2 protein chains.
Amino acid sequence: MIEINYCIQCGAGVELRVPAGDNMPRHVCDACGTIQYQNPKIVAGCIPEWQGRILLCKRAIEPRYGLWTIPAGFMENRETVEQAAARETDEEAMARVEIAGLYGVYNIPHISQVYMIFRGDLVDGEFAPGPESLETALYSEEEIPWEEMAFPVVVRALQRYFEDRRRGMFEPFIDEIQPMKR
Amino acid sequence: MIEINYCIQCGAGVELRVPAGDNMPRHVCDACGTIQYQNPKIVAGCIPEWQGRILLCKRAIEPRYGLWTIPAGFMENRETVEQAAARETDEEAMARVEIAGLYGVYNIPHISQVYMIFRGDLVDGEFAPGPESLETALYSEEEIPWEEMAFPVVVRALQRYFEDRRRGMFEPFIDEIQPMKR
């Protein structure tokens, strides 16, 4: 976790306090007046399907090294959420995907993230592990390694996806992930 | 626009370059190793309805001082998007809203923002200008001050909202706002 100690603009020390006209503490620089706001990040992901099976990636990076996930990652500036989801699918699974639509939005307030997950079909069925993946593979619903999944949000999204697929209707939704009990 | 010149953690000067294992330039601190990522921000908003009319706010702040908008603003850490939309409605229009559902997502890649707009009904029909509003008012479709609206995304969302309301169906959607021609 990065600590905020200095002003990114002028390099002076910052103070954590509620600025005039605001109602939340921010990191304020008294030397140049810069206020550094911290806001939630969007994680864009895709459930890529090919002939009824789902493409998953085994993580080659922390956190959750060695566990499985859908292609997903932090959205970058100057792209759309759909572009971010397709880019992550390309980077992590070296697969081209045709985005079919926004599927689900998951609030994860305790880590200040919002997951935006799309449905998509592989364009040509080709895939391979990118630099952040140990392995990539297509799984049918019965084959999904449920006990080796990296993130609760991915388990929830995939379970819902298979239910929706059975009833033949993918309705966009918004939901929330609570902290795991320890 | 804030320039990124210094490391927020250790205060040393940063360099803009592609870190090892990455494919985009980031602000990297060679003194402590911190990488400062910049990511898109979520703007959460609400189309608050009361007896068929829509609650709008006349902006008391820049940009677009004096022009009209729906209640909307930057999502904060540790809240859900729905909470952010309800909070903004409370702050800007001093109105309590019951969120009815996610309505639309607008990519605005040229300013690295993602608008997430909810539908909602006022709880008790009460409202008043908050500190960031000059005025608040309920408008029917015919009365909306289309020529005095603050942001293209709000015009687009309201136009679609009225169309959807006429056909009696609000289907969540994702769309994109292009830069305005000059």
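To find a chain, count down the sequence lines: A is the first, B the second, and so on, and within it residues start at 1. The shown structure was predicted, so the numbers you read here are calculated from the model rather than taken from an experiment.
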Just how far is it from atom CD1 of A:I42 to atom OH of A:Y115, taken to the nearest 0.5 Å?
12.5 Å
Kindly compute the distance separating CG (A:D121) from CH2 (A:W50), expressed to the nearest 0.5 Å.
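Answer for the CG-CH2 pair, A:D121 versus A:W50, is 8.5 Å.
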Which answer fits [X], side chain, backbone, both or neither, if we ask what part of it has an atom under 4.5 Å from a heavy atom of chain A?
{"X": "B:T80", "result": "both"}
{"X": "B:Q36", "result": "side chain"}
{"X": "B:F118", "result": "side chain"}

Residue, of [options], that accumulates the most heavy atom pairs under 4.5 Å with chain A:
{"options": "B:S112, B:P40, B:P109", "value": "B:P40"}
{"options": "B:C10, B:C7, B:A84, B:A12", "value": "B:C10"}
{"options": "B:N5, B:I2, B:N77, B:N39", "value": "B:N77"}

With a 4.5 angstrom heavy-atom cut-off, which part of [X] approaches chain B: side chain, backbone, both or neither?
{"X": "A:E91", "value": "side chain"}
{"X": "A:V14", "value": "neither"}
{"X": "A:R26", "value": "side chain"}
{"X": "A:I111", "value": "neither"}
{"X": "A:E79", "value": "backbone"}

I'd like to know if the side chain of [X] reaches the main chain of [Y], judged simply by a donor and an acceptor atom lying under 3.5 Å from each other, with no hydrogens or angles considered.
{"X": "A:S133", "Y": "A:E92", "result": "yes"}
{"X": "A:R165", "Y": "A:G52", "result": "yes"}
{"X": "B:R156", "Y": "B:R160", "result": "no"}

Please step through salt bridge (charged side-chain N to carboxylate O under 4.0 Å, His left out) for the pair B:E141 and B:R166, ending with a clear verdict.
CA-CA 11 Å; B:E141 180 176 357; B:R166 268 192 296 278; 2.9 Å; yes
In sequence, state the C-alpha distance, the side-chain angles, and the governing distance for B:R96 and B:E126, and then conclude on salt bridge (charged side-chain N to carboxylate O under 4.0 Å, His left out).
CA-CA 8 Å; B:R96 273 163 297 160; B:E126 300 203 0; 5.0 Å; no
Could you go through the salt bridge (charged side-chain N to carboxylate O under 4.0 Å, His left out) check for A:D30 and A:R17 one step at a time?
CA-CA 11 Å; A:D30 286 316; A:R17 68 153 193 272; 3.0 Å; yes
Any chance the side chains of B:D164 and B:Y103 put a donor and an acceptor closer than 3.5 Å?
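There is such a pair between these side chains.
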Looking at [options], which makes the most heavy-atom pairs under 4.5 Å with chain B?
{"options": "A:E176, A:E82, A:Q113, A:Q83", "result": "A:E82"}
{"options": "A:N107, A:I8, A:I174", "result": "A:I8"}
{"options": "A:V81, A:L102, A:I108", "result": "A:V81"}

